[in-house]
Amino acid sequence: MTPADRGAPDPHRSGPVATGTEPSATRPRPRSGGVRTGTRAAIAAPHLRTDRWWLAPAATAAGLLAFVVYSTWRAFANADYYAAPYVSPFYSPCLAENCAPMRAGPNWELFGSWWGISPAIIILIFPLGFRLTCYYYRKAYYRGFWAAPPACAVAEPHGKYTGETRFPLILQNVHRYFFYAAVPVAGILTYDTVLAFRDEHYAWGHMGLGTLVFLVNIALIWAYTISCHSCRHIVGGKLKHFSKHPVRYRMWRAVGRLNARHMQLAWASLLSVALADLYVYLVASGVLDDPRFF
């Protein structure tokens with residue numbers, strides 16, 4: 001008697017094996033489009049997750065949207081961005097002729113009088129471009145705004161997937177070049193932090209609450225910048241033998257440890273740069289007096 005005679009599958013015969021996931025005449029087929037095609041497991045529900053998976057993308061979208069609204073308002077305000085000795089990180093370095101004069105500050109009038117709008121628009125292109133093309137932020141706003149996909153094991157609603165192979169997403173590949181531009185900007189913000197150890201009369205040896213705000217901000221900005229995947233590749237990439245490059249290996253290990261916290265550093269530095277700008281705005285507009293520690 002053969003296995004087929006006994007009602008059992010014959011291991012020597014080819015053909016599909018029943019797994020309980022094949023579409024049947026009585027089982028509803030998945031919706032078409034995207035991953036919900038006929039080749040998908042015949043599950044009627046869009047996904048099998050029962051937790052509150054939507055909280056993370058919703059919170060991410062809300063946080064990023066709040067920063068976009070705030071930074072857009074402050075960038076186009078063109079006012080209350082300098083209160084000696086503090087300058088908003090959104091406006092530094094100031095490259096237009098219509099900048100507020102900052103004594104010993106990064107006031108470089110590379111753009112003449114023809115530039116009539118806010119000077120923050122010039123410099124914000126580089127740090128925002130660096131963050132916009134950042135590997136973590138790409139994941140964050142892809143999930144938060146485009147639902148591509150909204151969460152793990154939750155199918156995206158799009159009809160097809162092309163990744164970052166077409167315009168405009170293919171421009172994400174310029175991330176490394178934005179990293180090169182972000183490093184000198186971070187260096188200039190470090191210089192601004194040093195200048196914050198002056199008082200309102202530009203006398204050295206003083207420290208206010210704003211100085212502390214600037215110190216925290218620049219530490220987080222450098223930590224986020226150095227933890228970038230591009231920085232990690234620049235430090236230790238293209239090395240065939242780490243043993244022959246001990247210094248670069250140690251640097252690569254150090255950057256790798258920061259890289260493991262890249263998401264946390266991305267959010268912390270985003271919050272700190274907004275708070276630093278807000279603090280300067282409150283002091284410059286007269287809402288807040290800068291307390292002095294010494």
Side-chain angles (χ1 to χ4, degrees), residues 62-111 115-128 130-131 182-225 265-294:
L64 292 177
L65 183 61
F67 180 81
V68 169
V69 172
Y70 174 79
S71 60
T72 301
W73 166 60
R74 287 294 294 141
F76 282 95
N78 195 18
D80 299 323
Y81 58 85
Y82 181 65
Y86 309 124
V87 57
S88 165
F90 288 178
Y91 286 81
S92 183
C94 209
L95 303 179
E97 192 174 292
N98 60 347
C99 294
M102 299 178 289
R103 184 171 176 179
N107 223 31
W108 306 327
E109 299 175 358
L110 301 181
F111 287 70
W115 185 268
I117 61 176
S118 171
I121 306 301
I122 304 173
I123 195 61
L124 281 181
I125 295 174
F126 302 105
L128 289 182
F130 177 56
R131 290 182 182 266
V183 169
V185 172
I188 294 170
L189 296 183
T190 303
Y191 176 70
D192 293 338
T193 305
V194 174
L195 295 181
F197 283 91
R198 304 179 299 177
D199 62 10
E200 63 275 13
H201 304 294
Y202 306 103
W204 287 95
H206 298 275
M207 179 178 181
L209 179 59
T211 311
L212 183 60
V213 171
F214 274 48
L215 283 171
V216 173
N217 178 54
I218 196 58
L220 290 173
I221 285 180
W222 273 117
Y224 165 68
T225 304
L265 292 172
W267 280 105
S269 60
L270 192 73
L271 178 62
S272 70
V273 73
L275 289 178
D277 172 82
L278 178 62
Y279 187 85
V280 175
Y281 166 75
L282 294 175
V283 175
S285 60
V287 176
L288 181 67
D289 292 329
D290 181 43
R292 288 289 169 174
F293 299 134
F294 56 83

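Given the structure is predicted, the values throughout are model-derived calculations rather than measurements. Numbers here are sequence positions counted from 1.
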- [ ] Determine whether the side chains of Asp80 and Ser285 contain a donor N or O and an acceptor N or O closer than 3.5 Å.
- [x]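 Short answer, no.
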Open item on the list: If only side-chain N and O atoms count, and only distance matters, is there a donor-acceptor pair under 3.5 Å linking Asp192 with Tyr86?
Closed with: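 No, because no side-chain N or O of Tyr86 sits under 3.5 Å from a partner of the opposite role on Asp192.
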Could you check whether any side-chain heavy atom of [X] comes within less than 4.5 Å of a side-chain heavy atom of [Y], counting everything from C-beta outward?
{"X": "Arg292", "Y": "Glu200", "answer": "yes"}
{"X": "Val280", "Y": "Val87", "answer": "no"}
{"X": "Phe293", "Y": "His206", "answer": "no"}

Any donor-acceptor pair under 3.5 Å linking the side chain of [X] with the backbone of [Y]?
{"X": "Tyr279", "Y": "Ala274", "answer": "no"}
{"X": "Tyr81", "Y": "Ala100", "answer": "yes"}
{"X": "Ser269", "Y": "Ala266", "answer": "yes"}
{"X": "Arg74", "Y": "Ala79", "answer": "yes"}

How long is the gap from [atom1] on [X] to [atom2] on [Y], to the nearest 0.5 Å?
{"X": "Leu275", "Y": "Asp277", "atom1": "CG", "atom2": "CG", "value": "9.5 Å"}
{"X": "Leu189", "Y": "Ser88", "atom1": "CG", "atom2": "OG", "value": "9.0 Å"}
{"X": "Met102", "Y": "Ser92", "atom1": "CE", "atom2": "OG", "value": "5.5 Å"}
{"X": "Asp199", "Y": "Met207", "atom1": "CG", "atom2": "CE", "value": "14.0 Å"}
{"X": "Leu282", "Y": "Asp289", "atom1": "CG", "atom2": "CG", "value": "11.0 Å"}

Write down the atom of [X], the atom of [Y], and the distance for their closest heavy-atom approach.
{"X": "Ala96", "Y": "Trp115", "answer": "CB-CD1, 3.7 Å"}
{"X": "Asn107", "Y": "Cys99", "answer": "OD1-CB, 3.5 Å"}
{"X": "Gly105", "Y": "Leu195", "answer": "CA-CD1, 3.8 Å"}
{"X": "Phe67", "Y": "Leu128", "answer": "CE2-CD2, 4.1 Å"}

Open item on the list: Determine whether Glu109 and Leu95 satisfy the following criterion, side-chain contact (heavy atoms from CB on, under 4.5 Å), listing intermediate values before the conclusion.
Closed with: CA-CA 5 Å; Glu109 299 175 358; Leu95 303 179; over 6 Å; no
Per-pair distances, 0.1 Å, donor-acceptor, side chain in residues 208-222, under 3.5 Å, sequence neighbours excluded:
residue, atom, partner, partner atom, Å
Thr211, OG1, Ala196, O, 2.7
Thr211, OG1, Gly208, N, 3.1
Asn217, OD1, Ser272, OG, 2.8
Asn217, OD1, Val273, N, 3.1
Trp222, NE1, Thr190, OG1, 2.7

Open item on the list: For a side-chain contact (heavy atoms from CB on, under 4.5 Å) check, start with the C-alpha distance between Trp108 and Cys94, then their side-chain angles and the critical distance, and finish with the verdict.
Closed with: CA-CA 6 Å; Trp108 306 327; Cys94 209; over 6 Å; no
Task: Worked check of side-chain contact (heavy atoms from CB on, under 4.5 Å) between Tyr224 and Phe130 - done: CA-CA 11 Å; Tyr224 165 68; Phe130 177 56; 3.4 Å; yes
Output a table of donor-acceptor pairs, distance under 3.5 Å, between side-chain atoms of residues 117-125 and any protein atom two or more places apart or on a different chain; print 'none' if there are none.
residue, atom, partner, partner atom, Å
Ser118, OG, Ala75, O, 2.4
Ser118, OG, Tyr91, OH, 3.4
Ser118, OG, Ala120, N, 3.2

Task: Validation row, ring centre Tyr82 to ring centre Tyr281 under 6.0 Å - done: no
